[in-house]
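Step one of this worksheet: look at the structure below.
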Amino acid sequence: MESILSCTLALLLAPLFPGVINKTKAFVASKKGPPLLMKYYTLAKLLRKGSVYSTSSSFVFKMGPTVSFAAAAMPLFFIPLAGLPPLFSFQGDVIVLFYIMGIGRFFTIVAALDTASPFEGMGAAREAFFSMLAEATIFAVLILFYRMNGSLSLAEYFHGDKAVSLTGPAGALLLFVIVAMFMVLLTENSRVPVDDPQTHLELTMIHEVMILDHSGPDLALIELGAFFKLFFYSAFITHLLQPLTSFGALANALIFYGVLTLVYVAVGVTESTMARFKMNLVPKYILTSFTLVFFAAILTMGFLQ
Amino acid sequence: MDTLFWALAVIMAGGILPFVLYRQFRMMKAAAVIVTIAGSLLGLLAVLPALQDTGPPAVTWSWQHFLTLSFSLDALSAFFLVPIFLICPIAALYSFHYMDHPDDAWRIAVNYFFFAVLIVSMALVVCADSLITFALVWEVMSLSSFFLVVHDFQKKETRSAGYLYFIFAQTGAMCIFAAFGLIYSSTGSLSFALIDQLPAQTKLAVFLLALLGFGSKAGIFPLHIWLPHAHPAAPSHISAIMSGVMIKMGIYGIFRIYTLLGDTSLLFGQIILAAGMISGVLGVVYALGKHDIKRLLAYHSVENIGIILIGAGLGMIGIATGRPAMAVFGFAGSLLHVLNHSIFKSLLFMGAGAVLQKTGIRHVDELGGLIKRMPTTGRTFLVGSISISGLPPFNGFISEFLIYFAAFHGLTLPGMPFLLAALAIISLAVIGGLAAACFTKVVGIVFLGEPRSEGAARASEAQASMLVPMWLLALLCLFIGIFPEPFVRLAFSGLRDMTLLGPIEPGTGQELLANLAFAARLFLGMVIAVTLLRKVLYAKKKIASGPTWGCGFTQPNVRMQYTGTSYAMSVVEFFQPFVKIRAAYSGIRKIFPGRTTYETHVDDIAEIGMTRYLVQPLARTLDRLRWIQHGHIQLYIGYIVLTIIVLLLVF
Amino acid sequence: MINYSDAVLVIILLSVLIALESNRMVALVKIMGLQGIMVSLVPLFLPQHQELGSGGIIFFQIMILIKGLLIPGLLYFAVQKVAIKREVEPIIGYHASLFVGLMMIMVSLFITEKLQVTLPGGHSLLLITAITTLGAGLFLMMSRTKAITQVIGYLMLENGIYLVGTALSKQSHTRYVVEFGVLLDVLVGVMIMGIILHNINRAFDDVDTALLGRLKD
C-alpha cells in the first residue's frame, strides 16, 4: 500500500524536478527564471490542444508517443523510492527494464523517420548511436553490481540488507558508478553537454528535433515520459549517494527527495557551467563513462577474491 | 522413426510431383505446396513424442557391407527438427505467389524438387547417427542448396554468388571430413559412440576442424563471406529457409560434436564464446553498413549466429567450471534463439522478398513510404524488426534474456572466465543497441516517410499466399514473447540427452519465466492502456493534417529525406579499424562546378583479407603449375599409370 | 565507513583515465595536479604508514606542495605563456587511448596476481593502481605529439613509481629520501623544460616533437 502511494507520488512529482533544473540555471545566471510549476502548466496547455499530423506520416508516428510513454513509466514501478520497496520486483528485472526503455527509443526513432524530414532523421541517427554506447555503460554497471551483491533486480540493489552502498565492501568503486551514471543521465535525457534542449538550430539537436512534428496530447505524453526517465536515472544516482541507515518512513522520504533535488541541482549546475560538445566528441564522452565502470568491474577482481 | 520417414517420403513426393504437373503451372505449385505442408505437419507429429521422452530406437540400413547408414532421433535432433518442419511449409506456402513466372515452369519445378531434397536432407542431417551417414546427407544438403541458390542462373552475379557458396560449402565439408577421418583413424569405427574415447590432443584437433567446417556453414565471422552474396542471389523463400534453418545445421553440428567429444575443458567454451562475440558485433556493424536489403539481412544472420554461439560458449564454460545454472541457461538460450531466429529471420526475408517483387528495388535508399502501399508487409516487417532487435515483448528478447542470465551467473567465476562473461554481457548489449539502430534504419527508410523513387511509389500489396505466412510468423513472434514458458521448456527438453549437463531439475527457471511473462504482459497492458488514454485525450479535439515542418525551408522534396547511408555512417565510422570505408569524391574543381559525385562503400575486412592473403597467393602459386595442364590426352594417361605405380609401390 | 585508501586509489585511477581521454591541455594539467595531491596522500591512509614523526609530516607537506601545486603550476604557466595550441593532438585517438587504458588495467591486474608479492595488508589494489599509472604515463609519452605532454607523461610515470615504492615498502624514511631526490629531478626537469620551451617558442613558434625530429643529422 505504502509502495503504491510512494510510486504515485513519484509519478506526480516527476514534472516538478525539471523546474528545479531551470531554477538553478536561472539562479546561476542571476535571473528570476520560470516558476517551479512551469512544466505542469505546459503539460496542461498541451493536453487541451488538438494535433496536426504530417501527410507523410502513418500509424507508426502516432504509436511513437504511446509506446515511449509506457516504456518510460515502467521503470518507476520497479525502483525502490524513498526507502520503500517497489511495486514489483524479480531477479533480472533490470535487464527487462533497460530493454523496455530500448523499445521506447525504437518507436521514438521510427516515429521521427516517419515524418520524412531530413532533420528528424539526423536526430534519430544520433539518438540511435549515442544510446547504443550508453547501453554498454549501463550493462557494465550491472556487471559491477552483480559482482558486489549478486543480484539482478533494482529492489535488491537499493533496498534491503544486501544493498550496495558507498560504505560497504568495495564501496569505493561506486565512485566510478556515480560519475558514470551521471554522464549516462546527461546523455540519455539529452541534457548539456551532449544535447542542448534550449538550442534554436534544428541541425544541432538530438532529442528535440526528433519530436518536432508531434503536437498536442502526443507531445504531452512525450514530455511526461521524458520527465519520468529523468526521474528514474536521478533516483538511481540518489540511491548510490544516500546513506543506508533507515530512520522513520517520513525521514527516509525527506532524505531521499532531498538528495534527489541535489542531483537535479547538479544537472542544473552542469548545464550552466558547460557548453555543448561538438557532435564528434560525444562518443568519446560516453565511452569514458563506459571505461570508468568497466575499470571498476575489472577492479572487483582485485577486491573480491 | 517410421512416422518421420513417412513424412520425409511425403515431402519428397511433393518435390517430384511438379515434374509431372509442370504443364499446369498453378496446379503444379498448388500440388507441391500442399504436399510439402502435409509432409511437414506429419513430420512435426513424429517429432513431438521424441521431445516428450526418449525417442524411438536407431534405424540402420546396410548396403553391400561397406555402406551402413544409421539414423536415430534423440532430444537434440528432435529440437532441431522443429524449426525445419515449422519454417519450411510456411516458406513453401509463400512460394506459391512468389514464384510467379509461368514461362519458367520447368525451372520452378526443378526448384521445388531441390527444395524438397533440401528439407529431407536437413532432417536427415540432424538424425544421422554415424560418421558416414552424416557426411553423406551433409553433402546432399550443401548441393541441393547450391542448386537453389543458382535458380536465376542467367544472371552473372547469381552464378558467381553460387560458385562462392559452392567453394565455401565444399571447403567446409572438407574440414568436417578431415575431422571425421581423424576420428576414424583413431577409433577405427564409423559410429558416433566411440568418439569420447579419443585422446585429448586429437579431441582438440577434431573440435577445431569441425568448428571450421560447421562455422563456414553457419557463417561465423571470417567464414561468413558467402552469406551476403548467396542470400541476395537466391529467391526469397529460399533465402528464408537457408538463413532461417539451413545455417542452423552448422550450429547443430557444433552442438553435436561437442556432446560427442564429451570433453569438459575450458578452452572449447572460450573459443566458441570468442567466435560468437566477434561474429555478433561485426555482423551487425556490417549490416548497418550495407544497404541492399537482402544483403543486410544476411549480415544479420551472422550477428544472430554470434548470439547463438555466445549462449553456447557460456554453456560450455558453465560445464567446464561446474556451474549448472550457467550451463543450462546458456545452452537453453542458445537453442531457443535458434528457434526464434528461424522465425523472425524468415519473416524478414519474406517481407524483403515482397518488397523486391513489388518494387524491383533492392537498395534501401531508393525505397520509402511502403507501409502505406503495403500495409500488411509493413506491419509484419515491423514486428520482425522489433523481434530481431531483441526487444520485449517479442520472442527475440526471451532467448537473449536467458543468455544474459547465464552470463551474469558466470560473473562469480574468478580470472579469465569472469572477464569473458563480462565481455559477453557488454557485447550482447552493444549488439542489441546496434541491431535496434539497424532495424530502425530499415523500417524507417524502407517503409516510412515518402517514396524515394518511381518503383517505390507504384508498389502494391503482395498476394494472399505471401501475406498469410508473414502474419503467421509475426503472431508466433508475439506469442513466444508473451507465453515463453512452453518454448523454453522445449529448449530444455532439447538438452535432455546432453550427458555432460546431467538432468535438468524440473523446476529450473519456472519463477523466472513467470516473471518474464508478467513483465511482457504488464508492458503490453501499459501500451494498450496508454493507447486508450490517448483516445480519450483526443476525443472531440480538432485534428488537422499538413506537410511536415521543414524547419523554415519552403521547398522540401523527397530526395532531401535522410538516407540509410547517412543514418548509419556515424556508427560504422566508429568501428573504423574493423570496417573499411571506401569513399570516392569527385571534388569541386572549376569556378562553375559541374556534376559532383560522392560515393561510399563499406568493405568487409574478412573478404579483403581472404582475397589478399589467401586467394591471390594461392592463385599465383597455382599459376606456376599450369604446365601440368597441357591438353595432351596421351600424357594424362601417363599420369594415371605413374600414379598407380607409385601407389602400388609405396603402400 | 568508507575505506579511504581505496577511495583515494580509485580517484587516482579515475584521473589516469580522464588524462588519457582529455583533449584540452589545461584540463590535462589540472588533472595532473589532482593526481599529484592524491598520490602524495596515499601513504597517509595506509595502515602500516600510520605513525608519522614530525619529519614525516614536513615531508608530506613538501610533497603535496611540489607534486600538487608547484609542478602543475609551472606546467600551467608553460601552457598559458608559451601559447601552445590548446588541443592535445594525439597520435593515437582518444577512443583507442581509452581502450588502451582498459587493457592496461587488465594487464596490471594479471601482473599483480602473477607477482604474488606478499603485500602488507592486502594492498593489491595499490599495486594495480601503481602499475596502471606507470603504464599510462609511458603510453601518454608515446602517443602524444607535444613536448609538454611528454613531460606530463613523465610526471605520471613518476607518480606510478612512487606508488610502486609505497606498495612494496614497509614504513622506512630512507626510501622517502630517494623518492625525494627523484622528485627534485622531475622538478628541475619541468623547470628546464619550461625555459627551453619558452626559448624554442620564441625562436620557432612551434613546439611539436614531430618537428623536433628534424633536428637529427
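Chain letters run A, B, ... following the sequence lines, proteins first, then strands; residues in each count from 1.
With a 4.5 Å cut-off on non-hydrogen atoms, A/Pro283 touches chain B through its side chain but not through its backbone. Both the backbone and the side chain of B/Leu411 come within less than 4.5 Å of a heavy atom in chain A. Contact annotation for B/Ile431: neither backbone nor side-chain heavy atoms come within less than 4.5 Å of a heavy atom of chain A. No part of A/Thr137 comes within reach of chain B, as not one of its non-hydrogen atoms sits under 4.5 angstrom from that chain. Residue contact with chain B, scored on non-hydrogen atoms closer than 4.5 Å, involves the side chain of A/Phe88 exclusively. Residue contact with chain A, scored on non-hydrogen atoms closer than 4.5 Å, involves the backbone and the side chain of B/Phe408 alike. Proximity to chain A (any heavy atom under 4.5 Å) is shown, for B/Pro392, by both the backbone and the side chain. Residue contact with chain B, scored on non-hydrogen atoms closer than 4.5 Å, involves the backbone and the side chain of A/Asp218 alike. For A/Ile143, the parts sitting under 4.5 Å from any heavy atom of chain B are the backbone and the side chain alike. Proximity to chain A is limited to the side chain of B/Lys372, based on heavy atoms less than 4.5 angstrom apart. In this structure, no portion of B/Glu573 lies under 4.5 Å from any heavy atom of chain A. Residue A/Phe98 does not touch chain B at all, counting heavy-atom pairs closer than 4.5 Å. B/Val430 touches chain A through backbone and side chain together, each having a heavy atom under 4.5 Å away. When heavy atoms are compared at a cutoff of 4.5 Å, A/Arg48 approaches chain B solely by way of its backbone atoms N, CA, C and O. B/Phe397 touches chain A through its side chain: at least one heavy atom from C-beta onward sits under 4.5 Å away, while N, CA, C and O do not. If you measure heavy-atom distances from B/Leu512 to chain A, the contacts under 4.5 Å come from the side chain alone. Using a 4.5 Å cut-off between heavy atoms, A/Leu221 contacts chain B through its side chain alone, with no backbone atom that close. Neither the backbone nor the side chain of A/Leu46 comes within contact range of chain B; no heavy atoms are under 4.5 Å apart. Both the backbone and the side chain of A/Ala71 come within contact range of chain B, each with at least one heavy atom under 4.5 Å from a heavy atom of that chain. Both the backbone and the side chain of A/Tyr99 come within less than 4.5 Å of a heavy atom of chain B. At a 4.5 Å heavy-atom cutoff, the contact between B/Phe401 and chain A is made by side-chain atoms alone. Proximity to chain B is absent for every atom of A/Ala134, based on heavy atoms less than 4.5 angstrom apart. With a threshold of 4.5 angstrom between heavy atoms, B/Leu288 does not approach chain A through any atom at all. Only the side chain of B/Phe518 comes within contact range of chain A, judged by heavy atoms closer than 4.5 Å.
With chain A as the partner, the residue from B/Leu382, B/Ile425, B/Thr412 showing the most heavy-atom pairs under 4.5 Å is B/Ile425. With chain A as partner, the option from B/Ala422, B/Ala437, B/Gly368, B/Pro375 having the largest number of non-hydrogen pairs under 4.5 angstrom is B/Ala422. Interface check for chain B: of the options A/Leu133, A/Leu97, A/Val96, the most heavy-atom pairs under 4.5 Å are formed by A/Val96. Counting heavy-atom pairs closer than 4.5 Å to chain B, the top residue among A/Leu212, A/Leu152, A/Val209, A/Val60 is A/Leu152. For the set A/Ala125, A/Gly50, A/Gly102, the entry with the most heavy-atom pairs within less than 4.5 Å of chain B is A/Ala125. Considering only heavy-atom pairs separated by less than 4.5 Å from chain A, the leading option among B/Ile426, B/Ile386, B/Leu522 is B/Ile426.
Taking the six-membered ring where the residue is Trp, the centroids of A/Phe139 and B/Tyr404 are separated by under 6.0 Å.
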Task: A/Phe294/B/Leu423 under side-chain contact (heavy atoms from CB on, under 4.5 Å): CA gap, chis, key distance, verdict - done: CA-CA 10 Å; A/Phe294 205 66; B/Leu423 283 178; 3.9 Å; yes
Task: side-chain contact (heavy atoms from CB on, under 4.5 Å) between B/His409 and A/Tyr146, worked out - done: CA-CA 9 Å; B/His409 275 289; A/Tyr146 193 86; 3.9 Å; yes
- [ ] Go through the steps to decide whether A/Phe90 and B/Glu511 satisfy the test side-chain contact (heavy atoms from CB on, under 4.5 Å), and finish with yes or no.
- [x] CA-CA 9 Å; A/Phe90 58 88; B/Glu511 199 191 336; over 6 Å; no
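A/Ile95 contributes atom CD1, which lies 11.5 Å from atom CD1 of B/Ile403 (distance to the nearest 0.5 angstrom). A/Ile103 CD1 to B/Leu391 CG: the interatomic distance, rounded to the nearest 0.5 Å, is 5.5 Å. Atom OH of B/Tyr562 and atom CE of A/Met122 lie 4.5 Å apart (nearest 0.5 Å). Rounding to the nearest 0.5 angstrom, the gap separating the CD atom in A/Glu120 from the CD atom in B/Gln561 is 11.0 Å. With values rounded to the nearest 0.5 angstrom, A/Arg105 atom CZ is found 10.5 Å from B/Thr440 atom OG1. A distance of 11.0 Å separates CD in A/Glu135 from CG in B/Leu428, rounded to the nearest 0.5 Å.
Contact between A/Lys49 and B/Lys541 at its shortest, heavy atoms only, is O-CD, 3.1 Å. Taking every heavy atom of both residues into account, B/Ser389 and A/Phe106 meet most closely at OG-CE1, 3.8 Å. For B/Leu434 against A/Met132, the heavy-atom pair with the smallest separation is CD2-CE, 3.5 Å. For the residue pair B/Glu450 and A/Ser56, the shortest heavy atom distance occurs at OE2-OG, 2.6 Å. Scanning all heavy atoms of the two residues, the minimum distance from B/Tyr567 to A/Gly121 falls at CD1-O, 4.0 Å. A pairwise comparison of heavy atoms in B/Val527 and A/Ala70 identifies CG2-CB, 3.8 Å as the closest pair.
Counting non-hydrogen atoms of other residues, nucleotides and ligands closer than 6.0 Å to CD of B/Gln576 gives a total above 12.
Below 30°, between 30° and 60°, or above 60°: for B/Phe574 and A/Phe129 the angle between ring planes is above 60°, a perpendicular geometry.
Using modelled atom types, no side-chain atom of B/Lys542 and backbone atom of A/Val52 make a donor-acceptor pair closer than 3.5 Å.
Under the side-chain contact (heavy atoms from CB on, under 4.5 Å) test applied with A/Asp114, the options B/Val443, B/Ile371, B/Leu448 reduce to a single match, B/Leu448.
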